[in-house]
Amino acid sequence: MSYSFAFDGKTIWDPALRTGTMFVGLVHGAAQVLGVPSGLNPRVDGSCAIDDLRTFTVFVEQLWDSYVSTRHPVSHEQIRGVLLVCLVLLDRMGAPITPSGEAQMAIIEQAAALGRSMGGNETSAGEARR
């Protein structure tokens, strides 16, 4: 069984049920702490839609800002796991975040490496359109 994530009618990630469920829970927890909606819309059929690109992008930007502004090692690692998957999803939606420095570029590279292990869509949506 899987837990697919879709945007604009296309599956952008199709992880195992437990992995997808855990990710949704972590995202909703992060969104609550950040005080912004996540943009994820879990469905009764066991899938999750990202209905609004802007809402999800704002959530990821807030997560990114929180990540780069903290020096607390535990908070940093908690945010990092969610952030990396979110960056992969944004890339697959054709809306990658552009890094503004060396440290941010390193995170983007880590997300790209993770994306290759996430299956289903190894090429970013932006690259697929070229």
Side-chain angles (χ1 to χ4, degrees):
M1 261 181 109
S2 64
Y3 193 106
S4 65
F5 290 77
F7 172 71
D8 200 24
K10 297 178 185 143
T11 299
I12 57 172
W13 185 34
D14 194 27
L17 178 61
R18 192 169 191 172
T19 301
T21 302
M22 175 72 76
F23 176 70
V24 168
L26 291 169
V27 165
H28 284 154
Q32 182 178 3
V33 170
L34 296 171
V36 296
S38 70
L40 296 185
N41 185 9
R43 308 283 188 174
V44 293
D45 67 357
S47 66
C48 185
I50 302 173
D51 294 324
D52 182 48
L53 175 61
R54 185 70 197 136
T55 301
F56 187 65
T57 301
V58 167
F59 165 72
V60 178
E61 288 169 347
Q62 290 291 315
L63 197 60
W64 182 279
D65 290 346
S66 187
Y67 178 80
V68 298
S69 68
T70 187
R71 292 184 180 204
H72 192 285
V74 175
S75 292
H76 209 251
E77 290 305 310
Q78 288 174 326
I79 295 167
R80 184 178 169 275
V82 175
L83 178 61
L84 290 176
V85 175
C86 287
L87 290 171
V88 171
L89 296 180
L90 272 180
D91 188 55
R92 290 180 179 184
M93 294 164 69
I97 289 182
T98 305
S100 62
E102 242 179 81
Q104 290 182 348
M105 188 60 201
I107 295 301
I108 296 294
E109 289 170 359
Q110 291 171 21
L114 178 64
R116 288 187 291 275
S117 73
M118 287 170 60
N121 187 352
E122 289 78 18
T123 304
S124 74
E127 289 174 359
R129 285 195 297 265
R130 289 182 201 148

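Cluster membership check: Val33 does not share its hydrophobic cluster with Val27, using side-chain heavy-atom separations under 4.5 Å among Ile, Leu, Val, Met, Phe, Trp and Tyr. Under the 4.5 Å side-chain heavy-atom criterion for Ile, Leu, Val, Met, Phe, Trp and Tyr, Val74 and Leu26 are members of distinct hydrophobic clusters. At a threshold of 4.5 Å between side-chain heavy atoms, the hydrophobic network of Ile, Leu, Val, Met, Phe, Trp and Tyr places Val58 and Phe56 in two separate groups.
At least one side-chain heavy atom of Val85 sits under 4.5 Å from a side-chain heavy atom of Met118.
Expressed to the nearest 0.5 Å, how far CG of Asp8 lies from OG1 of Thr11 amounts to 11.5 Å. Atoms SG and CD1, on Cys86 and Ile97 in that order, are 9.0 Å from each other to the nearest 0.5 Å. Atoms OG and NE2, on Ser69 and His76 in that order, are 8.5 Å from each other to the nearest 0.5 Å. Distance check: Ser4 OG to Leu17 CG gives 10.5 Å after rounding to the nearest 0.5 Å.
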Let me check something: any side-chain donor-acceptor pairs from residues 48-55 under 3.5 Å, sequence neighbours excluded? List them with distances.
residue: Asp51; atom: OD1; partner: Arg43; partner atom: NH2; Å: 3.0
residue: Asp51; atom: OD2; partner: Asn41; partner atom: ND2; Å: 2.7
residue: Asp52; atom: OD2; partner: Thr55; partner atom: N; Å: 3.0
residue: Asp52; atom: OD2; partner: Thr55; partner atom: OG1; Å: 2.3

Only distances under 3.5 Å count here; give the side-chain donor-acceptor pairs of residues 59-67 to other protein atoms, sequence neighbours excluded, each with its distance to 0.1 Å.
none

Show me the donor-acceptor pairs within less than 3.5 Å that the side chains of residues 104-113 make with the rest of the protein, sequence neighbours left out.
residue: Gln104; atom: OE1; partner: Ser100; partner atom: N; Å: 2.7
residue: Gln104; atom: OE1; partner: Ser100; partner atom: OG; Å: 2.6
residue: Gln110; atom: OE1; partner: Arg80; partner atom: NE; Å: 3.1
residue: Gln110; atom: OE1; partner: Arg80; partner atom: NH2; Å: 2.8

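Listed here is the closest heavy atom pair of Pro42 and Tyr3: CB-OH, 3.6 Å. The nearest pair of heavy atoms linking His28 to Leu40 is NE2-O, 3.7 Å.
One N or O on the side chain of Arg92 and one on the backbone of Gly115 form a donor-acceptor pair closer than 3.5 Å.
Taking the ring centroids of Phe5 and Phe23, they lie under the 6.0 Å cut-off.
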